[in-house]
Amino acid sequence: MGEQSESLTPAKGKAGAGSLSLSWSKTVVVIVLLLIWVFAPWVLPAYYLTMANHIGMVALVALGLVLMTGVAGLTSFGQAAFVGLGAYVSAVLSTKFGLSPWFGLLAVIFMTLALAFALGAITLRLSGHYLPLGTIAWGLSLYFIFGNMEFLGGHTGLSSIPPIEIFGISFKSASSIYYLIWIVLFVAMLLTDNLLHSREGRAIRALKGGVVVAESMGVNTARSKMIVFLLAAVYAGISGWIYAHYQRFVNPSPFSLHIGIEYLFMAVLGGAAQVWGALLGAGVVTLLKEWLQDLLPRLMGASGNFESIVFGLFLVLLLQHSPKGLWPHAERLYRRIIAASRSASPESRSSGLDTRAAGVITRFPAGLGHSNWPVSTLPKRAHQLSADAGYLLRAQGVEKRFGGLIANQAISLELRQAEILALIGPNGAGKSTLFDLLTGVQTLDAGEIFFCGQAIHGQTARHIAKLGLCRSFQHVRLLPEMSVLENIALGAHLRGTQGPLRAALHLERLEERELMREAAEQARRVGLADVLHLPAGSLALGQQRTLEIARALAADPLALLLDEPAAGLRFGEKQQLADLLRALRADGIGVLLVEHDMAFVMGLADRVVVMEHGVVIAQGEPAKIQQDPRVIEAYLGVDLE
Ligand code: ADP
Ligand code: MG
């Protein structure tokens with residue numbers, strides 16, 4: 001228990017004595033950076049101040065792309081068009097209609113949301129490279145619209161745009177708008193970071209692991225994609241709004257596809273999955289480009305766009321060497337500075353808390369994790385069974401074909417409450433296919449499936465998960481960079497209700513605390529309590545399988561479908577798994593389990609279903625199955641004892 005409570009109290013326990021000095025050195029770094037930021041306009045030469053403003057504006061666009069491309073895995077080449085939309089909408093409203101830029105801002109937000117919603121509805125459904133191609137298509141169209149509309153000034157553009165003003169202060173000069181730009185950027189970064197560390201954020205991060213897992217956890221992936229797309233578009237639109245009122249004129253050239261590609265460069269180069277990576281990428285790309293533009297013509301003795309070539313080569317080399325971009329390097333450097341300042345202060349020796357999961361740790365509710373640690377107050381499923389003869393899950397005549405191959409034929413089986421039902425059969429018998437049909441991951445060709453008396457054939461994976469039929473996958477499907485705790489919390493997705501806006505403002509902390517409690521509780525239940533904050537990808541395969549069970553349990557399931565959960569487990573671990581499954585059975589959960597280890601199955605299961613070549617060849621109690629001649633034949637050479 002001692003070990004457990006230590007690992008469950010990261011916010012207090014682990015940080016412990018070291019936390020003061022840790023936050024001390026962090027505070028120093030933050031104060032130094034803040035001072036640099038505040039005084040920069042006073043000390044920076046005009047050229048660099050302009051550059052800083054430019055970096056701030058493009059970083060806002062890159063931030064949206066980090067969210068889209070880096071976090072959610074949706075590539076967009078078209079963000080420059082949203083910047084253009086923001087710039088033009090406010091430019092037109094202020095120059096042609098004399099409206100205040102603040103009204104322009106509202107219009108920009110509204111217009112980018114509306115356009116992004118329409119474009120997203122069409123393009124986000126595209127898969128593979130069709131999505132990036134789609135973004136290129138609308139990126140190009142908007143660019144040509146900007147250039148070809150008389151109303152928008154054609155290629156000459158619009159001039160005499162008024163500056164932004166508030167309380168009589170005009171953001172006209174480079175030094176005044178500097179503060180506006182960077183405050184907007186920092187606020188956006190904070191909101192984004194909050195969002196990423198919430199239930200909605202986990203759903204967004206789950207998109208990268210594939211739609212199947214996310215939907216099986218109950219995530220509405222279309223919605224999550226749309227949230228990310230809208231947010232990225234609004235960031236780009238706001239960046240364009242600032243740009244228009246800062247430059248005081250707009251023409252189409254800064255909103256071309258070429259610039260759209262540059263934004264993508266920034267997001268990828270900075271470190272595509274990191275909020276701070278956007279800033280780093282924007283800074284490096286902007287400075288490098290300026291520097292190369294100066295240097296190269298002098299070196300080559302001729303003018304031309306040499307920087308694009310050098311820049312492209314540099315990017316290819318960098319990504320080959322460091323596919324996660326520059327941010328991991330920057331992070332290491334930062335950690336070294338912190339460590340150096342820490343060793344300078346004598347009383348401090350803290351454990352290495354600053355891992356990737358650190359963001360989670362700091363948000364993990366303090367005071368959790370002692371022996372009297374309260375169980376979460378998340379809503380629980382009413383464990384009432386319908387009149388379906390006591391069956392939780394009932395499949396009848398289920399059939400699935402892959403071309404000419406009949407993977408499942410006339411499969412009928414029932415899973416009762418508080419029962420462990422084993423599904424066995426040689427490789428390729430069709431067991432995993434049956435799991436996919438039962439959980440709505442694949443659609444069946446014929447047959448019926450009922451869960452708690454309700455027909456679920458033809459329903460989506462999300463809907464089925466919602467009813468309480470949850471699963472693990474034969475090929476482990478976790479989000480390797482997310483912590484164990486967050487992976488489990490993803491399973492509890494449907495038990496929370498707080499949306500993205502509240503998450504961005506961090507108003508969902510009460511619910512978030514309950515979700516984390518629930519995840520920690522499930523981790524404890526399966527024996528993962530001392531690895532809560534490790535990245536899931538760092539666990540041994542056996543533990544990853546166990547993690548999948550915990551993730552399914554976090555959904556408060558009525559039935560669990562486990563596809564080869566014991567594969568890769570050592571003997572002792574198998575015994576623990578068997579104990580866990582028995583405990584789940586005692587809690588009333590129905591467990592359907594695929595397993596190859598006969599000794600394990602026969603000692604554990606209440607009943608066994610045997611499949612071969614897509615059909616059920618026998619079912620019944622373990623003792624009976626072991627005597628069945630057809631089963632013995634199917635398992636020729638395998639000892640059933
Ligand atoms: P098991 O889990 O019992 O080992 P599977 O259900 O994975 O078996 O596979 C059953 C059969 O269906 C195999 O012959 C497999 O090659 C085939 N199969 C499974 N999934 C697909 C698919 N998506 N497309 C085509 N064939 C598939
Ligand atoms: Mg299988």
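In listed order, ligands and their atoms are each counted from 1.
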If we ignore angles and hydrogens, is there a donor and acceptor under 3.5 Å between the side chains of Thr433 and Asn408?
no
Checking side-chain polar atoms at under 3.5 Å, does Glu508 have a donor or acceptor matched by the opposite partner on Ser198?
no
With nothing but distance in play, are any N or O atoms of Ala429 less than 3.5 Å from an N or O of ligand 1?
yes
Mark yes or no for whether [X], through its side chain, and [Y], through its backbone, hold a donor-acceptor pair below 3.5 Å.
X	Y	answer
Arg471	Ile549	no
Arg607	Leu421	no
Glu215	Gly440	no

Checking a contact table here: which protein heavy atom is nearest [atom], and how many Å away?
atom	answer
atom 4 (O) of ligand 1	Gly428 N, 2.7 Å
atom 8 (O) of ligand 1	Gly430 N, 3.2 Å
atom 7 (O) of ligand 1	Ser432 CB, 3.7 Å
atom 23 (N) of ligand 1	Phe402 CE2, 3.5 Å
atom 5 (P) of ligand 1	Thr433 OG1, 3.6 Å

Pull out every atom of ligand 1 sitting under 4.0 Å from any heavy atom of Ala407, numbered as shown with elements.
12 (O)
If you count the atoms of ligand 1 from 1 in the order shown, which ones are under 4.0 Å from a heavy atom of Asn427?
4 (O)
Charged tip of Arg394 within 45° of Tyr391 ring normal and under 6.0 Å:
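Verdict for Tyr391: no cation-pi partner in Arg394.
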Is any side-chain heavy atom of Lys431 closer than 4.5 Å to one of His596?
yes
Side chain, backbone, both or neither: which part of Leu405 has a heavy atom under 4.0 Å from ligand 1?
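The answer is the side chain of Leu405.
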I need the OG(Ser432)-the Mg ion (ligand 2)-OE1(Gln474) angle, rounded to 10 degrees.
80°
